[in-house]
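Residue numbers start from 1 in every chain, and the chains themselves are labelled A, B, ... in the order their sequence lines are given, proteins ahead of strands. These numbers were taken from a predicted model, which means no experiment stands behind them.
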Amino acid sequence: MEKLSFRHATPGPLPGRKSQAITGVVASGNLEILLERVLEPTVCTVEIETPIRGYGDVWEAVIADFVARARPGGLRITINDGGARPDTVSLRLLQGARLMEV
Amino acid sequence: MIDRLADPTSASWYEASARARIDGLLDAGGFREFVGPEQRRMSPHLPLFDLPRAFDDGMVVGEGILDGRPVLVAAQEGRFMGGAFGEVHGAKLVGLLRAARQRKPAAVLILFDTGGVRLQEANAGETAIAEVMRAIAEVRALGVPVIGLIGGRAGAYGGGGLIAGTCSRLAVSESGRISVSGPEVIETNRGAEEFDSRDRALVWRTMGGKHRRLTGGADAFADDTVAAFRAAALNLIGRAPAFDLATLEAEQARLEQRLARFGDCREATEIWSRLGVNDPAAVPATTASAFDALLSGLGETTHDAR
Amino acid sequence: MNEWRRERAAREARIEAGRAQVEGKAEGKVVPADRVVALLEAILRPGDRVCLEGDNQKQADCLARGLVQCDPARVHDLHMVQSGVVLPEHLDVFETGIARRLDYSYSGPQGARIARMLYGGQIELGAVHTYLELFARYFVDLTPNVALIAGVSADRDGNLYTGPNTEDTPTVVEATAFKNGVVVAQVNEIVDRVPRVDIPGDRIDFVVEADKPFYVEPLFTRDPAAMTETQILIAMMAIKGIYAEYGVRRLNHGIGFGTAAIELLLPTYGERLGLKGEIATHWALNPHPTLIPAIESGWVRQVHCFGSEVGMDRYIRERPDIFFTGADGSLRSNRAFCQTAGLYACDMFIGATLQIDLAGHSSTVTQSRVAGFGGAPNMGSDPHGRRHPSDTWMKAGREAGGVGDPSLMRGRKLVVQLVETFGDGLVPTFVERLDAMELARKIGLELAPVMIYGDDVTHIVTEEGIANLLLCRDADEREQAIRGVAGYTEIGRGRDRAKVEELRGRGIIRRPEDLGIEPLDADRSLLAARSIKDLVHWSGGLYEPPAKFRNW
Amino acid sequence: MTLAEILDSLFPDGHTVAVADGIVSGDGPFRGGRLAVIGVDGGTPLGIEGACRLSGLVLDVVRRGGGTPILVAVDSGSQRMSRRDELLGLNEYLAHLAKTLLLADAQGHATIGLVYGHSAAGAFIATALATRVLAGLPGANPTVMDLPSVARVTKLPLDRLEAMAKDTPVFAPGLDNMVQTGAVHAVLDPGQPLAPQIAALMDDRSDADIRDRLGAERGGRPVAGDIADRVMREAGLG
């Protein structure tokens with residue numbers, strides 16, 4: 001398993017009050033994402049465990065785009081990857097952020 | 001994949017995730033999970049095999065309200081490792097059943113979706129299945145119904161099939177399969193002449209929901225919607241058999257009678273025909289409502305001998 | 001002998017030799033299956049051009065097995081001219097020397113072996129053709145001397161019923177029978193009277209009753225249960241951003257999951273957009289099971305088919321207003337006509353591919369496989385012979401930048417590539433250089449097997465958005481438009497972000513949000529059918545899926 | 001030990017235990033009363049007929065009452081793998097057998113499992129693992145799946161699995177690993193008379209299911225007990 005972690009500065013807290021959400025399933029080509037509102041509102045961290053090695057730069061790009069788009073301030077995001085394609089990762093991240101905005 | 005249900009009345013049980021099934025099954029907003037994903041109690045063994053882990057190890061357990069009454073509920077995620085029993089996965093269900101012994105909820109609901117034992121943790125999974133079966137017997141002996149709901153992708157195979165057989169009542173949908181050995185396992189061991197696992201119509205005739213319901217292996221047949229499973233669960237809670245000598249003697253008689261009546265059958269359609277089904281070949285294609293009508297005309301498929 | 005009748009005389013000699021082999025054993029034109037090898041050895045001459053019918057669906061498999069068993073000392077150096085190289089026997093004949101030269105179109109399941117044999121020099125390759133191209137050459141310079149074809153039944157005079165999978169048969173027979181060739185048909189059964197005459201008996205010289213019915217693979221069945229949210233999102237974008245935008249009524253679909261998702265979204269998402277009757281009414285398409293919900297909810301006016309599909313026969317029979325059927329009620333398909341329809345009478349081709357390069361060239365070839373071409377290249381090309389206008393065609397033409405007097409403007413066929421940025425196993429769809437070029441170099445092909453040339457492609461749709469290549473004004477814009485929808489592939493990450501945003505401002509790139517689509521709404525609950533069983537219900541029980549697609 | 005040796009050691013004064021079609025049944029004198037013996041012998045796969053027969057025997061004991069203890073002696077195959085067994089609902093037959101054993105236990109019939117040969121999967125769960133106390137004899141070989149099969153499913157090389165199995169009891173076949181997991185409570189000494197050993201295990205049995213606790217102590221199942229406890233705590237108990 002390869003472990004990756006990213007830390008991004010965010011302008012402020014993600015709207016909403018939900019403290020925790022989980023979306024997706026660890027299955028081939030899929031992933032699960034746990035989102036927890038436990039950090040300073042100006043920070044978002046993403047930790048990933050993936051069985052597919054060597055895609056660090058793709059993960060970096062996907063996460064950066066997600067952070068720019070969703071502004072998930074205050075979230076600790078943890079991902080168990082089952083070999084998902086980048087577009088699936090992106091979709092799940094947005095689904096997760098939407099769940100937290102409730 | 002459906003993680004949240006836009007419309008729980010029509011959402012497919014088969015397609016829904018374990019969490020979505022719980023969401024749609026219980027009264028809204030009342031579910032409280034035990035040992036939730038934030039605790040990250042993942043399998044200690046899968047990393048050894050370089051396999052990804054899930055936060056809940058494929059088993060979601062907790063408490064909630066079903067039609068106003070408190071229930072304990074467990075749901076397997078059939079897409080994670082085929083819903084198979086690993087150490088953590090199994091222990092969560094064991095813990096829930098032990099809690100039920102003391103809490104005495106209106107029911108324990110088990111949402112099956114499993115291929116059986118997780119091979120990477122085989123001994124732990126196998127032992128957990130034995131513990132679960134003992135705990136179910138204890139819970140049932142206290143008068144708490146244990147209701148199994150089967151309609152997921154992975155079915156209820158291997159030890160999952162044995163646990164299902166231990167429950168007070170079972171609801172199954174057409175896609176739900178209940179069996180011990182899977183078709184592929186039988187084919188691998190005995191050859192394609194014994195069981196052609198690619199003949200999916202054969203697989204469903206032999207192990208699928210309709211066959212199990214027709215032969216009394218399940219007590220209710222549900223359409224493949226979350227709402228239908230909710231209705232089935234509610235209905236079954238109200239008529240759960242006791243766990244005592246009388247029930248097991250009745251089950252013994254029921255199973256002996258099945259052997260005597262159908263022991264020479266090679267095909268499900270022969271059994272259905274002997275049960276009094278006029279057009280056995282048409283059974284797989286019938287809709288849920290037509291199937292219900294068919295069932296109501298066949299007395300012996302409904303019983304308290306479980 | 002008149003020197004103008006040499007071919008005719010040769011044909012008569014072959015037929016006589018053939019008849020001699022079955023003397024006393026044949027009734028009318030019927031030849032027993034155990035005489036196939038003797039018959040073929042009698043009628044074939046070294047160096048003959050032979051069409052061994054291999055279609056998508058229907059295979060002359062009994063005759064293929066017979067040909068393989070011929071004595072290479074007597075039958076050798078054949079020149080095979082057939083659209084499909086799909087059975088192992090189709091290549092076995094090259095290993096024994098029975099055949100030497102090959103001109104074909106499609107080799108799906110045999111793609112890897114054909115690549116090895118080309119590389120090893122066992123096959124002398126003419127060319128890999130598009131279907132219409134090969135059919136055309138049957139009438140110019142690749143006319144078969146002998147055609148070995150397949151049908152469902154025949155009478156003793158040779159009147160042939162092809163069944164719903166008529167496919168290539170009329171074309172092959174036309175070229176062979178009317179140019180002094182010999183036609184041998186294998187059939188599943190000999191009957192007193194065929195249900196309908198697809199090929200008149202005077203074009204068939206011998207009929208072989210096959211030892212077993214020809215095998216048909218369900219090639220066009222896509223299980224809705226396997227459709228992903230990403231495919232649904234792409235389908236939503238295509239419907240809103242292309243079908244609705246251009247008012248596409250006449251069209252052809254590829255056979256991938258993306259276009260199947262579109263078929264299943266028409267009665268739901270399309271209905272919600274108020275598009276019924278406005279789009280997707282007239283089709284050149286095989287009878288896809290996933291089209292059933294759209295047909296049943298009144299979207300589809302008519303469908304002409306290349307071939308049929310396993311399990312669809314009863315459904316088609318009960319829907320003669322939609323499909324082309326014979327007096328007997330069963331489907332009449334025809335590959336040549338349907339390809340022509342797709343080329344000239346459809347305003348759009350939309351399908352998937354495995355690789356797209358920076359110029360928009362696409363290919364389904366990988367480094368080790370020569371899959372050949374399916375129906376895509378004929379239909380996925382802009383027909384310069386077209387003269388009739390349609391709103392769709394004209395709008396695309398205007399976008400392509402027609403100048404001068406409008407009455408002299410050419411329209412454009414919409415050729416849409418519908419792809420996910422990554423394929424199975426995280427293999428990127430967008431590449432710097434097509435594997436087809438490497439393959440061509442390795443096995444010495446003059447032309448790389450390109451499925452659709454970049455200059456024919458008008459739109460590329462991915463989960464990231466739609467790139468409208470019609471609106472690009474130079475090669476650089478084209479490249480950035482492609483990079484701009486290439487997602488997180490290396491090609492996508494190599495984009496010039498400012499340029500891509502500029503293209504987006506001009507509507508050349510459109511994101512889901514630009515189309516008013518929320519990616520999170522792309523949910524499987526939008527599919528009109530979520531399983532094969534749902535399709536059966538939609539069809540009122542008329543669709544009979546093969547066992548491998550069932551879970552009940 | 002063979003079944004005959006076991007029975008001789010258990011019942012030096014004789015017994016009525018017999019084997020038919022691989023199914024073991026009978027009883028013998030034990031502590032002033034009788035000890036009922038059921039089981040599977042000879043590596044026989046357990047199918048619907050065998051399971052039905054065994055459950056009937058258990059119910060006979062329960063119906064007679066009197067707290068007669070039940071020994072479940074096992075040298076079986078796996079569950080019988082056939083289309084017919086599954087068609088007729090093997091899962092119900094096996095579950096029913098387990099339930100009769102669990103009922104017997106609840107009604108005061110001590111149930112003791114004794115695995116002396118092979119046993120696997122569904123057959124193991126429905127028989128030996130459904131008893132209150134499970135003992136093993138040296139040489140017994142209970143498995144869920146053998147390593148070559150595990151290698152096929154997990155796509156890991158066999159030699160690597162064999163190496164892993166040395167210090168990871170959780171997936172490796174064999175008696176020792178089942179002991180470490182807590183599934184097998186004790187290994188008997190074949191050199192000593194079995195009756196007193198069985199009697200001691202019986203007297204020592206706990207009312208609770210202690211297998212996860214044993215697994216944690218022995219290291220074969222490091223977290224199961226803790227997870228189950230935690231679930232109970234969060235359910236507001238314990």
Please flag which part of L103(D) lies under 4.5 Å from any non-hydrogen atom of chain B: side chain, backbone, both or neither. both
Under the side chain to side chain contact (heavy atoms under 4.5 Å, CB included) rule, what do Y157(B) and N91(D) come out as? Steps first, then yes or no, please. CA-CA 9 Å; Y157(B) 276 102; N91(D) 78 300; over 6 Å; no
Does the R118(B) side chain pair with the main chain of G82(B), one donor and one acceptor, at a distance under 3.5 Å? no
Picking from M207(B), E138(B), R306(B), which has the most non-hydrogen pairs under 4.5 angstrom with chain D? R306(B)
Residue part contacting chain D, namely of A141(B), when any heavy atom lies under 4.5 Å: neither
Please state whether the side chain, the backbone, both or neither of S78(D) comes within less than 4.5 Å of a heavy atom of chain B. neither
Are the side chain of E87(B) and the backbone N or O of E121(B) linked by a donor-acceptor pair below 3.5 Å? no
Parallel, tilted or perpendicular: ring planes of H211(B) versus W272(B), cut at 30 and 60 degrees: tilted
For H185(D) and I210(D): C-alpha separation, side-chain torsions, deciding distance, then whether side chain to side chain contact (heavy atoms under 4.5 Å, CB included) applies. CA-CA 9 Å; H185(D) 294 71; I210(D) 57 163; 4.1 Å; yes
Pick whichever of V223(D), T143(D), L129(D) has the most heavy-atom pairs under 4.5 Å with chain B. V223(D)
Quick check: closest heavy atoms across T127(B) and R221(D), and the distance to 0.1 Å? CG2-NH2, 3.4 Å
Heavy-atom pairs under 4.5 Å with chain B: which of A130(D), A121(D), G122(D) has the most? A121(D)
Among A164(B), G159(B), G263(B), single out the residue with the greatest number of heavy-atom pairs under 4.5 Å to chain D. G263(B)
Please flag which part of P142(D) lies under 4.5 Å from any non-hydrogen atom of chain B: side chain, backbone, both or neither. neither
Do we see a donor-acceptor contact under 3.5 Å between the side chains of Q252(B) and S55(D)? yes
Salt bridge present between R213(D) and D229(D) (N-O < 4.0 angstrom): yes
Using non-hydrogen atoms only, which part of A106(D) is less than 4.5 Å away from chain B: side chain, backbone, both, or neither? neither
With a 4.5 angstrom heavy-atom cut-off, could you sort out which part of D105(D) is near chain B: side chain, backbone, both or neither? side chain
Ion pair present between D264(B) and R84(D), side-chain N to carboxylate O less than 4.0 angstrom? no
Does the pair D56(B)/K92(B) count as a salt bridge with the N-to-O cut at 4.0 Å? no
Where do F171(D) and L119(B) come nearest, in terms of heavy atoms and distance? CB-O, 3.5 Å
Between E92(D) and L255(B), the two heavy atoms sitting closest are O-CD1, 3.9 Å
Among R205(B), E267(B), E63(B), which has the most heavy-atom pairs under 4.5 Å with chain D? E267(B)
Below 4.5 Å from any heavy atom of chain D, which atoms of L93(B) appear? Answer side chain, backbone, both or neither. neither
For a side chain to side chain contact (heavy atoms under 4.5 Å, CB included) check, start with the C-alpha distance between R53(D) and S25(D), then their side-chain angles and the critical distance, and finish with the verdict. CA-CA 9 Å; R53(D) 176 102 202 285; S25(D) 67; 3.6 Å; yes
Reported CD-to-CZ distance for the pair E234(D) and R32(B), which is rounded to 0.5 angstrom: 7.0 Å
Looking at L90(D) and L46(D), what are the two nearest heavy atoms and their distance? CD1-O, 4.1 Å
Less than 4.5 Å to any heavy atom of chain D: does that hold for the side chain of R258(B), its backbone, both, or neither? both
What part of A208(D) gets closer than 4.5 Å to chain B, counting heavy atoms only: side chain, backbone, both or neither? neither
Partner chain D: residue of R134(B), R140(B), E249(B) with the largest heavy-atom pair count (under 4.5 Å): R134(B)
Under 4.5 Å, counting heavy-atom pairs only, tell me which of R80(D), M178(D), Q107(D) racks up the most with chain B. M178(D)
Regarding E251(B) and R254(B), does a basic nitrogen lie under 4.0 Å from an acidic carboxylate oxygen? yes
Give the member of L97(B), D244(B), D50(B), L51(B) that has the highest number of heavy-atom pairs under 4.5 Å with chain D. D244(B)
Let's test your reading of the structure: which of V170(D), D85(D), D212(D) forms the most heavy-atom pairs below 4.5 Å with chain B? V170(D)
Is it the side chain or the backbone of Q180(D) that comes within 4.5 Å of chain B heavy atoms, both, or neither? neither
Chain B neighbours within residues 94-102 of chain D, where any heavy atom lies under 4.5 Å away: L94(D), A95(D), H96(D), A98(D), K99(D), T100(D), L102(D)
Nearest-0.5 Å distance, CZ of residue R101(B) to CG of residue L142(B): 8.0 Å
May I ask you to say whether E187(B) pairs ionically with R83(D), meaning some side-chain N is under 4.0 Å from a carboxylate O? no
What part of V61(B) is in contact with chain D, defined as an atom under 4.5 angstrom from a non-hydrogen atom: side chain, backbone, both or neither? side chain
Per-residue contact mode, R63(D) against chain B (heavy atom under 4.5 angstrom): both
Quick one: of L156(D), N177(D), T181(D), D226(D), who has the most non-hydrogen atom pairs under 4.5 Å with chain B? T181(D)
Among V185(B), V117(B), I136(B), V88(B), which residue has the highest count of heavy-atom pairs closer than 4.5 Å to chain D? V88(B)
Under 4.5 Å heavy-atom distance to chain D, tell me which part of I163(B) shows up: side chain, backbone, both or neither. neither
